[in-house]
Amino acid sequence: METAQQPNGGALSGDDLSSLSSSPAAVVSQWTFAVTRRYQHMLDKTVPHIWYRWIGCFLAALIYGLRVYFVQGFYIVTYGLGIYMLNLLIGFLSPQIDPEVSDGPSLPTRGSDEFRPFVRRLPEFKFWYSITKAFCIAFHMTFFAVFDVPVFWPILLFYWIMLFILTMRRQIMHMVKYKYVPFSFGKQVENLERVEKQGCS
């Protein structure tokens, strides 16, 4: 007896597609995509509001600090958070193209050089987002006793301060050596004034 052949050359019919789209995995995938899209849209709307974003970050840091103070624990989580923030700070203060390892366009060193804005390795928005997310994750970790490792916190604090001093000293020496400043507000104004004067003459 011959078996009946599927129409459309074995392609899925409309009923098959509707059954696949209503499967639990597809529903979860669609819901995840919708939530991610909505969350990204909310993040995009916060981009121009720099001060409000950083005030929110400060409030998150304050809530976390109060939580650790009242619980009197989770110092290892705080130490890890401090190391992570130090790493982010170095990326925020560093140029995108390191002049030490690259022969690309260098930063201007004289007033007559062409103005090139300082391009960070870690942009301000990602810097803020990473810090805020880190504080939120650390705050949630304080509700799980497994992360409350007993440790003598003054040693961790002293070690972090020494690490901060050594890291910032190396970063400042790098800035002095290659003559760049990670903030270009004044330089940009001077450059615009010079361009306007050249245009008028």
Side-chain angles (χ1 to χ4, degrees), residues 33 36-62 64 76-139 141 156-201:
F33 176 75
T36 305
R37 187 176 177 183
R38 179 68 177 167
Y39 179 68
Q40 187 62 46
H41 177 68
M42 291 174 60
L43 277 180
D44 293 341
K45 289 175 68 174
T46 64
V47 170
H49 307 290
I50 298 176
W51 284 107
Y52 294 114
R53 286 194 282 110
W54 282 104
I55 289 172
C57 180
F58 176 75
L59 289 177
L62 182 64
Y64 174 77
I76 198 71
V77 175
T78 305
Y79 175 73
L81 179 63
I83 295 294
Y84 180 69
M85 289 175 59
L86 182 59
N87 186 36
L88 292 175
L89 179 63
I90 294 302
F92 180 71
L93 297 176
S94 301
Q96 186 178 30
I97 301 174
D98 191 350
E100 203 164 48
V101 297
S102 176
D103 295 331
S106 59
L107 295 166
T109 57
R110 296 186 303 273
S112 59
D113 290 348
E114 179 186 355
F115 173 73
R116 286 186 290 272
F118 183 81
V119 180
R120 306 178 187 283
R121 192 173 68 195
L122 182 66
E124 180 272 335
F125 181 81
K126 289 185 178 180
F127 180 57
W128 163 81
Y129 180 67
S130 299
I131 288 179
T132 307
K133 186 169 64 172
F135 272 114
C136 292
I137 292 173
F139 177 76
M141 289 174 70
L156 289 181
L157 179 61
F158 174 76
Y159 184 70
W160 185 86
I161 291 173
M162 291 301 299
L163 189 62
F164 177 81
I165 292 172
L166 293 174
T167 305
M168 291 309 297
R169 179 172 174 265
R170 184 177 61 183
Q171 184 67 26
I172 291 171
M173 289 175 62
H174 190 270
M175 292 178 189
V176 172
K177 180 179 179 181
Y178 293 101
K179 300 177 182 176
Y180 70 91
V181 178
F183 306 101
S184 57
F185 302 111
K187 185 67 178 178
Q188 188 173 7
V189 172
E190 292 174 6
N191 180 72
L192 290 174
E193 290 176 354
R194 189 174 66 248
V195 170
E196 288 175 358
K197 288 179 181 178
Q198 290 175 354
C200 293
S201 59

Requested in this report: State, to 0.1 Å, how close Leu122 and Leu88 come at their nearest heavy-atom pair, and which atoms those are.
Outcome: CD2-O, 3.5 Å
Query raised in the report: Which atoms form the tightest heavy-atom contact between Tyr180 and Pro95, and what is the distance?
Result: OH-CD, 3.5 Å
Requested in this report: Could you tell me whether the side chain of His41 reaches within less than 4.5 Å of the side chain of Arg37, counting heavy atoms only?
Outcome: no
Requested in this report: Begin from the C-alpha positions of Ile137 and Lys133 and carry the test side chain to side chain contact (heavy atoms under 4.5 Å, CB included) through to its verdict.
Outcome: CA-CA 6 Å; Ile137 292 173; Lys133 186 169 64 172; 3.9 Å; yes
Can you list everything that forms a ring pair (Phe, Tyr, Trp, His ring centres under 6.0 Å) with [X]? Sequence neighbours excluded, please.
X: Phe58; result: none
X: Phe92; result: Phe127
X: Phe164; result: Trp160

Query raised in the report: side chain to side chain donor-acceptor pair (under 3.5 Å) with Ser130: which residues, sequence neighbours excluded?
Result: none
Query raised in the report: For Glu124, which residues count as a side chain to side chain donor-acceptor pair (under 3.5 Å) partner, sequence neighbours excluded?
Result: Arg53, Trp54
Report task. Report the distance from atom OG1 of Thr78 to atom CG of Leu157, rounding to the nearest 0.5 Å. Result -> 10.5 Å
Requested in this report: Measure the CE-CD1 distance between Met141 and Ile76 for me, rounded to the nearest 0.5 Å.
Outcome: 10.0 Å
Query - Steps toward side chain to side chain contact (heavy atoms under 4.5 Å, CB included) verdict (Ile83, Asn87) - result: CA-CA 6 Å; Ile83 295 294; Asn87 186 36; 5.8 Å; no
Return the set of residues passing side chain to side chain contact (heavy atoms under 4.5 Å, CB included) with [X] (not counting sequence neighbours), or none when no residue passes.
X: Tyr159; answer: Tyr79
X: Ala61; answer: Phe135
X: Tyr39; answer: Leu43, Tyr129
X: Ile90; answer: Ser94, Arg121, Thr167, Met168, Gln171

Query raised in the report: Looking at residues at least two apart in the chain, or sitting in another chain, which of them share a salt bridge (Lys or Arg N to Asp or Glu O under 4.0 Å) with Lys45?
Result: none
